[in-house]
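Values reported hereafter were calculated over all heavy atoms of this structure, with side chains retained and with hydrogens, waters and symmetry mates removed.
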Amino acid sequence: MSPDNPDPERPADEPERPAPPGRSGATPPSAEPDSPAELDPPDAAPSTAYQSSLELSFDEPRRPLRVAATVLGVVLALAVLGVPFGLLWAVLAPDTPVLKTAEGAIYTEPQPEQPIAADGWFSLLGLAFGLLVALALWFVLRRRRGPVGLLAAVLGTLVAAPVAWQVGRRVGLATFERLLATAPAGQAFTKPADLRAGGVDWLLGVLPVPHGSLLLPAFGAAIMYTLLAGWSRWPGLRPEPDPAGFSWVSAETPAPPAAPEPPAPDAAEPPRG
């Protein structure tokens, strides 16, 4: 019998040739879609890729030595940045006029405003420094956002503030001390800026504890970092990848069509080409 004239005595459900896997011989290949069992679950590969990416990028264990090295590196970098902070303060803060007497140098005015202005400039610059440090660390240390980033910002600004104070107050200090020792009585000169509302106390003689205006940079950094964490749209504070980025299947993939009903036993077999 030719393929165009099927044998009527041959059972309808007996295939003439091996059918492709997963397809019935009684239905033409173009008419029967793949069964739902043969289709890969649309979300199997994307979820696997997404989960593996999260495990590699965001759920990796934090090693204590690496965390300590990060915090130490930030503290050292901010200590170095305390130098330009102190130089800027020395430029903006006004010097105080003094007069040399037999007992030493005295202010030319009973209540000079220059020392108050020096404290004010240091406070304003310190707050701005802390805010900028928190912003920079938030974007630079993206993988360390959270307690580690906050600790690095606070410790770094606590170290940078005394460095800035010592650098700024020493600008012109050697000239002042020389004039104080050699100038004749009655000569007027200026005293470089210094802090009166801040300083460093030594706890047990070994641990420096800053106070006053030296705490403002750390205060500004802590406030800004906390606000950034509170406004973050990610629960883990770190940017999370979009699941659609790891998938080649749309998140709204329609459900596969239902399998067609099997043909009736007495249905005629379509011609085969």
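- Put simply, the side chain of R144 reaches to within 4.5 Å of the side chain of V67, judged on heavy atoms.
- Here I116 contributes atom CD1 and T96 contributes atom OG1; the two are 10.0 Å apart, rounded to the nearest 0.5 Å.
- Counting non-hydrogen atoms of neighbouring residues, nucleotides and ligands closer than 6.0 angstrom, the CD atom of Q187 exceeds 12 such neighbours.
- The shortest side-chain heavy-atom distance between L173 and D194 does not fall under the 4.5 Å cut-off.
- Cluster annotation: L127 is connected to L227 through the hydrophobic network of ILVMFWY side chains, with a link wherever side-chain heavy atoms come within less than 4.5 Å.
- Side-chain contact between Q114 and P97: present, with at least one pair of heavy atoms (C-beta onward) separated by less than 4.5 Å.
- Rounding to the nearest 0.5 angstrom, the gap separating the CG atom in L150 from the CG atom in L155 is 9.0 Å.
- By the criterion of side-chain heavy atoms lying less than 4.5 angstrom apart, applied directly or through intervening Ile, Leu, Val, Met, Phe, Trp or Tyr residues, V74 is grouped together with L81 in one hydrophobic cluster.
- One hydrophobic cluster, built from ILVMFWY side chains closer than 4.5 Å, cannot hold both V91 and V83; they sit in different ones.
- A distance of 11.0 Å separates OG1 in T226 from CH2 in W231, rounded to the nearest 0.5 Å.
- You'll find the side chain of V98 stays beyond 4.5 Å of the side chain of T190, heavy atoms only.
- For the pair A105 and L180, the tightest heavy-atom approach, listed with the atom from each and the gap, is CB-CD1, 3.5 Å.
- Hydrophobic cluster of L99: the remaining members, joined at side-chain heavy-atom separations below 4.5 Å, are I106, listed by chain and number.
- Distance check: R170 CZ to F176 CZ gives 14.0 Å after rounding to the nearest 0.5 Å.
- Here D119 pairs with nothing under the salt bridge (Lys or Arg N to Asp or Glu O under 4.0 Å) rule; sequence neighbours left out.
- Contact of the V133 side chain with the P217 side chain is not registered, since no non-hydrogen atoms from C-beta on lie closer than 4.5 Å.
- Within the 4.5 Å cutoff, the side chain of L195 has heavy atoms near those of the W89 side chain.
- For the atom pair L92 CG and L88 CG, the distance stands at 4.5 Å (nearest 0.5 Å).
- In plain terms, the two heavy atoms of T101 and G104 that are nearest each other are OG1-O, 2.5 Å.
- Heavy atoms only, all atoms of each residue included: A193 and D95 are closest at N-OD1, 3.7 Å.
- Within the model, atoms CG of L137 and CE of M224 stand 12.5 Å from one another, a figure rounded to the nearest 0.5 Å.
- Residues A118 and P94 come closest through the heavy atom pair N-CD, 4.5 Å.
- Of all non-hydrogen atoms in Y225 and G146, the two that sit nearest each other are OH-N, 3.3 Å.
- By the rule that hydrophobic residues join a cluster once side-chain heavy atoms approach within less than 4.5 Å of another member, W202 and V206 end up as members of separate clusters.
- Within the hydrophobic cluster formed by Ile, Leu, Val, Met, Phe, Trp and Tyr side chains joined at under 4.5 Å, directly or through other members, L72 is accompanied by L76.
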Kindly determine whether W165 and F122 satisfy ring-ring contact (aromatic ring centres under 6.0 Å, His included), including the steps that lead there.
CA-CA 8 Å; W165 171 44; F122 191 92; 8.0 Å; no
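- Within a 6.0 Å sphere centred on NZ of K100, other residues, nucleotides and ligands contribute more than 12 heavy atoms.
- Ring geometry for F85 against F129 counts as parallel: the plane angle stays under 30°, on a 0 to 90° scale with 60° as the upper cut.
- Taking 4.5 Å as the limit, some side-chain heavy atom of P208 sits within range of a side-chain heavy atom of V200.
- No chain of hydrophobic side-chain contacts below 4.5 Å, direct or via other Ile, Leu, Val, Met, Phe, Trp or Tyr residues, connects L141 to V154.
- Shortest non-hydrogen contact noted between L158 and P210 is CD2-CG, 4.2 Å.
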